[in-house]
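In what follows, a structure is listed as structure tokens, so that the remarks can point back to it.
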Amino acid sequence: MPGAPLRVALVGPREDPFADDPDREHRERMLRSFEEICRDIVTFGTDYTLSREFLGIEYLAATLRREGRRVAVVGAGNEGLDDKALIARLAAFAPDLAGFSLLYDLQLKSALTAARTLKRARPETFIVFGGPLASAISALLLDTFPFIDAVVEGEGEAAIARLADAVEGRCALDAVPSLARRSDGGIVKHNRATPADLDTLPHPARDIITAIRQRGLPVPSAYLTTSRGCKAFCTFCTVPNIVRGMKDGVYRMRDPRDVVDEIEAVTRDHGVTRFYMADDNFLGYGEASNRRMLAFADEILARGLKINFHAECRVDSLVPETLVRLREAGFDQILFGLESGSAKTLKRWAKGQTVEENEAAVALARELKLDLMPSMILLDWESGLDEVEESIGFIERTRLWRSNQPLWLVNRLKVHCGTAAARRYDNVRGKPDLPPVDADDADSLARWCAAATYQRTPIENPHVAAFWSALNGEANRWSVLIDEVLPPLLKTLRETSRDTGRDDALARIKRIATFRRSVGGALAGLMRRLVNAAREQENAGHRPDGLDVVARRFVEGFEAELFPEGLETWLAPKPTGLVAMPGAASRSAEAMPAEIG
């Protein structure tokens, strides 16, 4: 009589902010739950990212279920689970194998906390970490945390299927590809699996969407991939580490008909008509990619699917005629990896594109009436004021501040583990000094996670540092206002105007809309004012001084034009969270601002 199927838990950990750095961007410190966002906002507008799926573990779940495994997919953030609730959920499921997917740094502390507690309660559970961050620091994780049994490096489908066999005793751990684990001789790393033929993979399970629906919450979009990999080697990107060692398959494409089959199924089964294409480079490379894109658009149109989708693209992959066809098929929002308006910066980051190509891409997107999401990195720890000035000039010339999310322009380069940027930082500044860690102590664990993931990368040029601190402080204040304070206020005002037709409620709604429309231009003006002041001090040989005062006066002048009585007076009683200083509460990039007007 066959035994019970292997029980596998696949976890997308919640995000835990590093809140001790006043110069951190607001969106990385205000981690509101999806439920809180839904409660407060009027409409999701153009934001495709709010109900973010853990597409990687949904692919793993589908792979394991195809082989008869019993799988629980847990998206802690989507399901509103704190660490205690996540641990209780895992303990109740009692997995034989538990996998934790680490996309990036904010998930590390929660994953370690849950894994440690689960291992203590169920020593027999085999615990494996995976994902871009875990792949980059596999040896460090195994050296530091004995409750982690192994780490999958790179793509996970072949590895997780074979690992499940090993846990059941059907094969030895030696037979599992892409695995890093301990041995008597130290840590061993197995050869990476052959890159997956994407058309042989099952469509990802949609457990995350189902879980959100079961909580009575809306699902504004579903995640989907039409390809994997990227041929570029941008220094700040984690993708090159994932494809490291691949001789073939660095960039692979799915059959367009299979992609549209998946879209049709998600639309039919879950009622979702908006899709976030999570490809590293949606448009791909060369004529084969271009033919695939045209076939994809034609297939959507032939089936009469009424959908919309967002995608991220390189500016050197654009074919205008193809974009026109994709636009007809529902492509309505594009995120370009512009990154910088400085040729010097683009070269240092190995972007492989020019400022002129960036400008042409922005113009083309506007011509096609695509909603343009600006992916800009204003500076890094090595930037000089000349580079910052060039990027601000680029923002001014292209009017990127007119986007629906202008505050996304306030962004500095994040050093991610395993990237060329991290290796450069190590060579110049030295590797992070890791403190001793007690995994049972939350503060100790947080300090270790912060050090291990480059949370402190001080800016070398003091004038650039002063510019960033002043700019980010005011941008954070506006972000708190737009993300946290105004949405529930606007919702209340709209309900009031609808129920009673009160003129004062309508007037306040219009004032909020005007403020939202004006913030982008004010931000560009603030950037210019600050960089000019910083340049003047640098040229005079003076130490940076008073840029925060310059920023405050500029913002007060802008706000006085819209709110002569004073913004905080207009909002009275003063809402919780409206802070006129750097370091206001923040949330991550997974929950970017929603449209409110």
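When reading the values below, keep in mind they use all heavy atoms of this one structure, side chains included, and skip hydrogens, waters and symmetry mates. In this text the structure is predicted, and so the values were computed from the model without any measurement. Positions are given from 1, in the same order as the sequence printed here.
Checked by atom type, the side-chain pair D332/H310 shows no donor-acceptor distance below 3.5 Å. Using modelled atom types, one finds a donor on one side chain and an acceptor on the other under 3.5 Å when comparing N281 with S317. Counted by atom type alone, Q405 and S403 present zero donor-acceptor pairs between their side chains at under 3.5 Å. Using modelled atom types, one finds a donor on one side chain and an acceptor on the other under 3.5 Å when comparing E339 with S375. Between the side chains of Y276 and E312, at least one donor N or O sits under 3.5 Å from an acceptor N or O.
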Could you tabulate the donor-acceptor pairs under 3.5 Å formed by side-chain atoms of residues 264-272, not counting sequence neighbours?
| unit_1 | atom_1 | unit_2 | atom_2 | d |
| --- | --- | --- | --- | --- |
| E264 | OE1 | R303 | NH1 | 2.8 |
| T267 | OG1 | I263 | O | 2.9 |
| T267 | OG1 | V272 | O | 3.0 |

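Taking a cutoff of 4.0 Å between a charged side-chain nitrogen and a carboxylate oxygen, R228 and E157 qualify as a salt bridge. Between R206 and E262 there is a salt bridge, since a side-chain N of the basic residue sits under 4.0 Å from a carboxylate O of the acidic one. A salt bridge does not link R366 with D371: every distance from a Lys NZ or Arg NE/NH1/NH2 to an Asp or Glu carboxylate oxygen is 4.0 Å or more. Remark: D298 engages R325 in a salt bridge, criterion side-chain N to carboxylate O under 4.0 Å. The residues K414 and D105 are annotated as salt-bridged, a charged nitrogen and a carboxylate oxygen being separated by less than 4.0 angstrom.
Minimum interatomic distance between I87 and A114 (heavy atoms only, all atoms of both residues): CG1-CA, 3.8 Å.
A search for side chain to side chain donor-acceptor pair (under 3.5 Å) contacts involving S138 returns E153, K189, not counting sequence neighbours. In this structure D279 satisfies the side chain to side chain donor-acceptor pair (under 3.5 Å) test together with T226, S227, sequence neighbours excluded. Scanning for side-chain contact (heavy atoms from CB on, under 4.5 Å) contacts around C449 gives F18, L108, K109, L112, L445, with sequence neighbours left out. Taking the side chain to side chain donor-acceptor pair (under 3.5 Å) definition, one finds that D82 meets it with nothing, sequence neighbours left out. Looking at residues two or more places apart in sequence or on another chain, you find a side-chain contact (heavy atoms from CB on, under 4.5 Å) between A76 and R14, L81, L86.
Formation of a donor-acceptor pair under 3.5 Å by the Q455 side chain with backbone atoms of T453 is found in this model. Side-chain N or O atoms of Y285 include one that pairs as donor or acceptor with a backbone N or O of K231 at under 3.5 Å. Looking at R122, its side chain does come within 3.5 Å of a backbone N or O of P95 through a donor-acceptor pair. A donor-acceptor pair under 3.5 Å is formed between the side chain of R327 and the backbone N or O of F331. E58 places a side-chain N or O within donor-acceptor distance of the main-chain N or O of I208, the cut-off being under 3.5 Å. A donor-acceptor distance shorter than 3.5 angstrom exists from the side chain of N358 to the backbone of L338, with no hydrogens or angles considered. When atom types are taken as modelled, the side chain of D199 and the backbone of R254 share no donor-acceptor pair closer than 3.5 angstrom. The main-chain N or O of L97 is never found under 3.5 Å from a side-chain atom of R7 such that the two would form a donor-acceptor pair.
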query: Taking it one step at a time, do F100 and V128 satisfy side-chain contact (heavy atoms from CB on, under 4.5 Å)?
result: CA-CA 6 Å; F100 293 82; V128 61; over 6 Å; no

Audit row: T125, D96, side-chain contact (heavy atoms from CB on, under 4.5 Å) steps and yes/no: CA-CA 5 Å; T125 297; D96 304 299; over 6 Å; no

task: For side-chain contact (heavy atoms from CB on, under 4.5 Å), just list the numbers for R508 and L489, CA-CA rounded to whole Å, side-chain angles, deciding distance to a tenth of an Å, and then say yes or no.
output: CA-CA 10 Å; R508 286 169 72 85; L489 173 61; 4.2 Å; yes

message: Applying side-chain contact (heavy atoms from CB on, under 4.5 Å) to F236 and H416, what does each step give before you reach the verdict?
response: CA-CA 7 Å; F236 51 79; H416 288 289; 5.7 Å; no

- prompt: Step by step, would you call F309 with F296 a ring pair (Phe, Tyr, Trp, His ring centres under 6.0 Å)?
  reply: CA-CA 12 Å; F309 57 94; F296 173 64; 5.7 Å; yes

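More than 12 heavy atoms of other residues, nucleotides or ligands sit less than 6.0 Å from atom CZ of R66.
Note that the CG atom of L493 and the NZ atom of K510 stand 13.0 Å from one another [nearest 0.5 Å].
Side-chain contact between E79 and V74 is present, with at least one heavy-atom pair separated by less than 4.5 Å.
Partner of N472 under the side chain to side chain contact (heavy atoms under 4.5 Å, CB included) criterion, out of L378, V410, N411: V410 alone.
Geometrically, R314 does not engage F336 in a cation-pi contact defined by less than 6.0 Å to the ring centre and at most 45° from the axis.
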